[in-house]
Amino acid sequence: MNRLTEEERQALVDLAGEARRRAHAPYSKYQVGAALRTRSGRIFTGCNVENAAYPLGMCAERVAVGKAVSEGETEFDVIAVVTANGGSPCGGCRQALAEFGLDTLVLVADGDGRLVTEFTVGDLLPLAFTPSHLGK
Ligand code: THU
């Protein structure tokens, strides 16, 4: 159920923007925030969490997904992602989101909280490898 009002879109973008301010990104200095809404209506935020051991860094989207799944929520409706320049989710995060459905709406916004573009996870990851390929 991806039909969102403008107010709902902006509220999610604003939450992602707040989460972005908590980003731990001293290495890249590229702060990312995410706000993931489940079909049950709960919202889980995330920010990128970098590490001095660089490969251990975590993306904002995957932090939000992990928080939701660890709270028993696996059905997603929409995720807002905020970066300074409206960057879209990386390939790894596309795959992580695809695990839980290709219909999840992705809202991409910039550092001023302006919605830049939106698409579904399926749009972002054509020919996705999904649990269905493993019979799940
Ligand atoms: N990053 C995210 O949090 N999400 C993305 O989809 C793209 C990249 C983070 C990872 C790293 O901390 C910083 O942005 C620069 O790549």
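Just so you know, ligand 1 is whichever comes first in the structure, and atom 1 is the first atom listed for that ligand. Heads up: numbering here begins at 1 and tracks the sequence.
A donor-acceptor pair shorter than 3.5 Å can be found between the side chains of Ser40 and Glu73. Between the side chains of Thr83 and Arg20, no donor-acceptor pair of N or O atoms lies under 3.5 Å.
Among protein heavy atoms, the minimum distance from atom 9 (C) of ligand 1 is reached at Asn48 ND2, 3.5 Å. When only non-hydrogen protein atoms are considered, atom 8 (C) of ligand 1 lies nearest to Cys59 SG, 4.0 Å.
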>> Go through it in stages, so that I can follow the logic: the residues are Ser28 and Glu50, the test is side-chain hydrogen bond (donor to acceptor under 3.5 Å, both in side chains), and I'd like the CA-CA distance, side-chain angles, deciding distance and then a yes or no.
In response: CA-CA 8 Å; Ser28 72; Glu50 297 183 350; 2.5 Å; yes

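A distance of 9.0 Å separates CG in Leu107 from CZ in Phe119, rounded to the nearest 0.5 Å.
In this structure, the side chain to side chain contact (heavy atoms under 4.5 Å, CB included) partners of Asn51, at least two apart in sequence or on a different chain, are Ala53, Leu56.
Close approach of ligand 1 to Glu61 (heavy-atom distance below 4.0 Å) involves ligand atoms 2 (C), 3 (O), 4 (N), 5 (C), 6 (O). Contact atoms of ligand 1 toward Ser28: 13 (C), 15 (C) (distance under 4.0 Å to a heavy atom of the residue). Near Glu50, meaning under 4.0 Å from any of its heavy atoms, are these atoms of ligand 1: 11 (C), 12 (O), 13 (C). Atom numbering of ligand 1 starts at 1 in the shown order; those under 4.0 Å from a heavy atom of Pro89 are 6 (O).
Of the protein's heavy atoms, at least one falls inside 4.0 Å of atom 14 (O) of ligand 1.
Between Phe129 and His133, the ring planes are parallel. Angles under 30° get that label, and only those over 60° would be called perpendicular.
The nearest non-hydrogen atom to atom 3 (O) of ligand 1, considering only Ala96, Ala60, Cys90, comes from Ala60.
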